[in-house]
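Input: a single structure, listed below in structure tokens.
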Amino acid sequence: MTLLFETRLSDSPWVESVWTSTSEQVFEMTSVAAVRWGLVFWQREGRSYASVKGPESRSSTAPVPDGATFLGIDFALGTSLRNVPTRVLLDGGIELPDTTHRTFRLDGSRWDIPRPDDAEALVKRLVRAGALVRDPVVAEVQRGHVPEVSDRTVERRFRAATGLTQGAVRQIERARKATMLLTAGLPVADVVAGLDYFDEPHLARALRRYIGHPARQLREGVQGAISLDLDQRTTS
């Protein structure tokens with residue numbers, strides 16, 4: 001029972017990462033909180049599928065089609081679909097209709113399903129067609145700059161573009177980083193200190209809400225499938 005993940009970071013300003021996965025005797029998984037939306041393509045028993053996956057504000061249990069191979073594109077914060085606000089996708093998604101072995105339909109047009117090494121080429125085509133848009137204020141905030149607008153405007157634009165508040169994004173990203181450190185064997189006390197949690201109960205609450213597994217399980221090895229590349233097989 002496992003999900004075999006491999007992830008690579010992207011050099012595209014529109015894309016955070018591209019990942020592939022294979023399910024082996026898996027029927028459900030722990031879906032951890034995630035701040036980015038994405039496109040997901042998968043094949044099973046000779047059929048092809050495509051969907052838009054939204055950000056997730058907390059952990060949950062999700063079904064997994066057994067014996068499937070997946071390809072996912074996780075988009076950079078502030079990137080969104082022209083015709084689907086990201087807030088509508090929060091804790092949900094959309095299955096895309098009329099998917100064939102080679103193509104899928106999005107934004108009223110048909111597109112070729114990408115391979116892992118040419119995902120960015122698909123994104124470029126979507127950008128040129130105007131199907132993907134990006135809020136420059138959110139992009140500026142992500143680069144560490146201070147936009148020339150009020151804090152209230154920044155928060156409103158950030159939530160509209162990402163579906164989440166800036167605070168929620170920070171909490172989810174911190175919990176995911178804590179998970180990677182714990183699975184790598186770092187002591188709980190060191191994770192608490194290194195990531196500025198108040199104390200171990202504070203970390204425990206964050207892991208329960210956003211990851212769905214306690215620190216002990218993460219350090220000893222998660223039993224069952226989880227939607228995170230815990231092996232950190234990350235390439236650029």
To check you understand the geometry: which heavy-atom pair defines the closest contact between [X] and [Y], and what is its length?
X    : Y    : answer
S80  : W37  : CA-NE1, 3.8 Å
D135 : A161 : CB-CB, 4.1 Å
D66  : F27  : CB-CE2, 3.7 Å
G38  : F75  : CA-CD1, 3.9 Å
A119 : V18  : CB-CG2, 3.9 Å
A175 : L207 : O-CD2, 4.1 Å

Side chains of [X] and [Y], heavy atoms from C-beta outward: is any pair under 4.5 Å?
X    : Y    : answer
S227 : W19  : no
I73  : V123 : yes
D190 : L181 : no
L164 : L90  : yes
W14  : L126 : no
P55  : T86  : yes
L96  : W111 : no

Would you kindly say whether Q171 and Y210 are connected by a side-chain donor-acceptor distance under 3.5 Å? yes
Look only at the side chain of [X] and the backbone of [Y], and say whether a donor-acceptor pair between them is shorter than 3.5 Å.
X    : Y    : answer
T20  : L71  : no
D91  : S57  : yes
R134 : A76  : no
S51  : K53  : no
E155 : Q166 : yes
R219 : V188 : no
R105 : R110 : no
S23  : G67  : yes

Would you give the length of the straight line joining atom [atom1] of [X] to atom [atom2] of [Y], rounded to the nearest 0.5 angstrom?
X    : Y    : atom1 : atom2 : value
R208 : R58  : CZ    : CZ    : 9.5 Å
L39  : L81  : CG    : CG    : 6.5 Å
R36  : L89  : CZ    : CG    : 15.5 Å
T7   : D74  : OG1   : CG    : 8.5 Å
L186 : L218 : CG    : CG    : 12.5 Å
D98  : L106 : CG    : CG    : 12.0 Å

Answer yes or no: are there more than 12 heavy-atom neighbours, outside [X] itself, under 6.0 Å from its atom [atom1]?
X    : atom1 : answer
D151 : CG    : no
R159 : CZ    : no
R115 : CZ    : no

Quick one: is the NZ or CZ of R44 closer than 6.0 Å to the six-membered ring centre of Y49, and within 45° of its axis? no
Does this structure show an ion pair linking E56 with R176, if we count only N-O contacts that are shorter than 4.0 Å? no
